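Worksheet: the structure to be examined is printed underneath.
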Amino acid sequence: MNIEDILKTVLHPGKGDRNLVELGMVGSVLEEPGKVEVVLLFPKTRDPLAEYLIGSVRAALYRALPAGTEIVVTSKVEAAPKSKKPNVNDLTLDELNNVRHIIGVASGKGGVGKSTVAVNLAVALSRLGYKVGLADADVYGPSVPIMTATEGSVPEAVEEDGKTVIMPIEKYGVKWMSIGYFAQAGQALIWRGPMACNALKQMILQVRWGVLDYLLIDMPPGTGDIHISLINDIPVEGAVIVTTPQAVALADVEKGVDMFRNEKVNKKLFGLVENMAWFTPEELPQNKYYIFGRDGGVKMAARFDIPLLGQIPIVQSIRECGDAGEPVALSSRPDALAFLDLARSLAAESEKE
Ligand code: ADP
């Protein structure tokens, strides 16, 4: 057993039983033939358990090292160096200083095409000449890596003044960041509650976004504590809500609207996006079949008194392009135009005072 492993067996009873190595309390270890010298660091205010800990370290070393080894354990009063692990409480908003608009893309429930809309909206805004980033905060199903064919990319992390900064992945003129880049391939993310929330904040606040006109945040589906905490801790200006036109979706949209209008949140709603508004077959691009009913989105927008920012048809190529990692909004196909129109409307709404 090496000395570090031995020291890891000594727990600090006053610090939730974390070990001395983890607590950064081991100042130095000197190993010579037949001799081991350990210096423990104690914070400025003398630790009442100092003597107990020095004794425990001595005992642990005696037990583990060959008989006859000279063991010297001393202490030094000094603040333990800060743990290298990024601490969410140390996160600042500095990396967002040069971002003009931070907009959440939300939906009352999953499967309505929120991520498809977020990714294509980002690409479309970039095609209009804006500088754009997208943070995929959908902890339960991060889809940006697949939809942009950047799976397996590992964002570079750089140490700067003792802080870690993460570089976004740049592709298609957009800066992407996804919680999916940090998961092992095929491994489901099992973050829940506060842990998910902290991981998300880190993924947005530690990223070197640089100068951006728009930072879109693909929010987790639904409405709940994670959402409220995320919206409150990140200076989100407002949100876009994605829905499908069916009457049954109305209740979900209502939940989404209520969340942003809730007095604890109170953020602007830039508008509603009606996805899957009608079906258009590839071979008959002029035909529109209202398979989920007509004008559902128009009625919902009127009911909640928010603008209808855009209507996106169901087109096979939208799904195919998503699966292939080449967002349809990059193309000159007619279905790309719906996303360009949506981007124009959002830009107009967000520039309103
Ligand atoms: P969410 O983020 O709301 O869970 P996704 O964006 O992942 O939804 O979309 C769910 C599925 O529906 C995906 O396979 C996607 O390609 C497909 N899809 C979304 N919008 C459209 C559309 N307008 N036309 C065709 N397929 C779509």
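In what follows, residues are counted from 1 in the order of the sequence shown. Model, not experiment: these values are computed from the prediction. Counting convention: from 1, in listed order, for ligands and their atoms alike.
- Just one of Val117, Leu308, Asp295 meets the side-chain contact (heavy atoms from CB on, under 4.5 Å) condition when paired with Glu274; it is Leu308.
- Of the possible polar contacts, one joining the Asn275 side chain to the Val112 backbone as a donor-acceptor pair under 3.5 Å is found.
- Using a 4.0 Å cut-off to heavy atoms of Lys114, the atoms of ligand 1 that qualify are 1 (P), 2 (O), 3 (O), 6 (O), 8 (O).
- A salt bridge is defined here as a Lys NZ or Arg NE, NH1 or NH2 lying under 4.0 Å from an Asp or Glu carboxylate O, and Glu282 with Arg333 meets this definition.
- Within the listing of ligand 1, atoms 22 (C), 23 (N), 24 (N) sit less than 4.0 angstrom from a heavy atom of Pro313.
- Numbered from 1 in the order shown, with element, the atoms of ligand 1 that lie under 4.0 Å from a heavy atom of Val112 read 3 (O).
- Proximity of a side-chain donor or acceptor of Arg58 to a complementary backbone N or O of Ile71 within less than 3.5 Å is not detected.
- For ligand 1, the atoms closer than 4.0 angstrom to any heavy atom of Met276 are 19 (C), 20 (N).
- Ring geometry for Tyr214 against His101 counts as parallel: the plane angle stays under 30°, on a 0 to 90° scale with 60° as the upper cut.
- Residues Val240 and Leu340 share a single hydrophobic cluster, defined by chaining ILVMFWY side chains whose heavy atoms lie under 4.5 Å apart.
- Ligand 1 lies out of reach of Gly322, whose nearest heavy atom is not under 4.0 Å from it.
- Looking at Ser107, Gly113, Gly108, it is Gly113 that brings a heavy atom closest to atom 8 (O) of ligand 1.
- Only the backbone of Val315 comes within 4.0 Å of ligand 1, counting heavy atoms alone; no side-chain atom from C-beta on gets that close.
- At a distance under 4.0 Å, a protein heavy atom can be found next to atom 19 (C) of ligand 1.
- Distance check for atom 25 (C) of ligand 1: a protein heavy atom is found below 4.0 Å.
- By the 4.0 Å heavy-atom criterion, Ser143 is excluded from the residues contacting ligand 1.
- Residue Met147 places a heavy atom less than 4.0 Å from ligand 1.
- Atom 14 (O) of ligand 1 has as its closest protein heavy atom Arg319 CG, 3.7 Å.
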